[in-house]
Amino acid sequence: MSKIHAAITAVNGYVPDYVLTNAELETMVETSDEWITSRTGIKERRILKGEGLGTSDMAVHAVNGLLKKRGIDAKEIELIIFCTTTPDFTFPATANVLADKIGAINAWGYDLQAACSGFIFGLSTGASFIESGKHKKVLVVGGDKMSSIINYEDRTTCIIFGDGCGCALLEPNEEGLGIMDSILRTDGSGRNFLGMKAGGSVIPATHESINAKLHYAHQEGPTVFKFAVTNMADVAAEIMERNGLTADDVAWLVPHQANKRIIDATANRMGVTTDKVMINIERYGNTTNGTIPLCLWEWESKLRKGDNIVLAAFGGGFTWGSIYLKWAYNS
């Protein structure tokens, strides 16, 4: 009997209409287009506007498009793993909210929180349910409304983040295609350098915590950059070495879109040329859990059955990881 792999059989994405440009940010904080571009590679990012709209609303657009593309009904989905740092609510899980909104009445689900590494962690977790034979259709969603936790008076964070959502469907494959390997890592000592200080059980919401602006994303840029540029590059190189892949074997690198310099460092460590690297950070910024699925969505038409693809990410926690997969279909 052939080994069952979990293969991505469809991808889709959604970004809001509103474009927040570097020029507009220049009117909000002390910064410039040149400064932002040279340090991050970002020119603009999308922002979800509208009363009462949350992360699940972006996911509805992305997932409905995926279902239509794959030609299946929401009732066929068995499990939803929603990777997000900005859930609609502390509870219930945004996965449950999404299931209700799309009519996935036969699915169970939960949220996965691993900051910017979430989608990779979610894919790896979802693959286990496929490989074990437990489920045949697992939906992995990665999305964030980062604008809901960004202080637009803090130039260390407001220039980086945007809103967006992507998703992938995992199904069984017996052709030797799909997720072949993953390396996932965490280091909780990084919590002091990248995270949100209040809003949890340690510092619940109070007038004092709100006035102190503790409910926004906090980042100590130089420390985070140093950790990210090393660990994301190392784990991508490690998964290549572990699977006997050379740079020529790799069709595409799909890096988390945190910073253009980190992306370049990862590609250089792998020996992969720029034409094999998916980069859309200049248009969307860092959408946290959305970056990797949004790349797969935008590049889907260029992907070919059998392509060796490496995904790599780094996020708050610290979290980081890499996945090696063989693409399972031609668009």
Side-chain angles (χ1 to χ4, degrees), residues 5-6 8 41 81 83 85 112-128 131 140 142 166 168 170 178-191 193-195 219 221-274 276-279 281 286-296 299 307-327:
H5 288 98
I8 293 175
I81 302 175
C83 313
T85 299
L112 189 153
Q113 163 59 301
C116 297
S117 305
F119 189 74
I120 281 183
F121 283 28
L123 276 182
S124 182
T125 306
S128 298
E131 292 161 359
V140 183
L170 293 174
I179 294 174
M180 312 306 290
D181 195 12
S182 64
I183 301 171
L184 310 175
R185 302 248 161 81
T186 64
D187 179 357
S189 66
R191 66 189 180 278
F193 308 109
L194 179 57
Q219 175 170 282
T223 303
V224 174
F225 180 85
K226 186 175 72 173
F227 268 83
V229 81
T230 302
N231 288 314
M232 187 165 137
D234 283 354
V235 79
E238 182 183 348
I239 208 162
M240 286 176 65
E241 185 178 344
R242 197 157 91 173
N243 290 278
L245 295 171
T246 66
D248 289 338
D249 296 325
V250 176
W252 296 98
L253 164 64
V254 192
H256 168 55
Q257 311 285 303
N259 180 297
K260 179 67 163 55
R261 292 183 293 166
I262 296 171
I263 293 170
D264 290 344
T266 303
N268 290 337
R269 180 86 163 78
M270 295 169 64
V272 172
T273 53
T274 308
K276 292 182 173 184
V277 184
M278 297 186 192
I279 303 173
I281 190 173
N286 180 352
T287 55
T288 305
N289 285 280
T291 62
I292 288 175
L294 285 173
C295 280
L296 291 173
W299 268 262
D307 277 356
N308 291 315
I309 299 176
V310 174
L311 318 179
F314 180 92
F318 290 131
T319 60
W320 67 99
S322 184
I323 283 179
Y324 160 46
L325 62 84
K326 286 183 172 290
W327 196 248

Taking all non-hydrogen atoms of both residues into account, name the closest pair between [X] and [Y] and its distance.
| X | Y | answer |
| --- | --- | --- |
| G41 | I281 | O-CG2, 4.1 Å |
| Q257 | I279 | OE1-CA, 3.4 Å |
| T319 | A114 | OG1-O, 2.9 Å |
| P255 | I263 | CG-CG2, 3.7 Å |
| C116 | F314 | CB-O, 3.2 Å |
| V140 | C83 | CG1-SG, 4.0 Å |

Inter-residue atom distance [X].[atom1] - [Y].[atom2], 0.5 Å rounding:
| X | Y | atom1 | atom2 | answer |
| --- | --- | --- | --- | --- |
| T291 | N286 | OG1 | CG | 6.0 Å |
| I179 | E131 | CD1 | CD | 7.0 Å |
| W252 | D307 | CH2 | CG | 8.5 Å |
| Y324 | I239 | OH | CD1 | 9.5 Å |
| N231 | S322 | CG | OG | 12.0 Å |
| I292 | I120 | CD1 | CD1 | 4.0 Å |

When you compare the side chain of [Y] with that of [X], does any pair of heavy atoms fall below 4.5 Å?
| X | Y | answer |
| --- | --- | --- |
| F121 | F119 | no |
| T125 | L112 | yes |
| L296 | I8 | yes |
| I309 | K326 | no |
| R185 | W320 | yes |
| L311 | L123 | yes |

> Taking atom types as modelled and ignoring hydrogens, do the side chains of T246 and D248 form a donor-acceptor contact shorter than 3.5 angstrom?
Replying inline: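 Absent: no donor and acceptor within the cut-off.
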
>> Could you check whether any side-chain N or O of K276 sits under 3.5 Å from a backbone N or O of A247, counting only pairs where one atom can act as donor and the other as acceptor?
In response: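 Looks like yes, one N/O pair under 3.5 Å.
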
>> Check this for me, if you would: do E238 and R269 make a salt bridge, where the nitrogen-to-carboxylate-oxygen distance has to be below 4.0 angstrom?
In response: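 Salt bridge absent between E238 and R269.
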
>> Between R242 and D181 (salt bridge meaning N to carboxylate O under 4.0 Å), is one present in this structure?
In response: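 A salt bridge is present here (some side-chain N lies under 4.0 Å from a carboxylate O).
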
> What orientation do F318 and F193 show, parallel under 30°, tilted 30 to 60°, or perpendicular over 60°?
Replying inline: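 Correct class here is parallel.
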
>> Pair Q113, T85 - check side chain to side chain donor-acceptor pair (under 3.5 Å), show working.
In response: CA-CA 6 Å; Q113 163 59 301; T85 299; 3.2 Å; yes

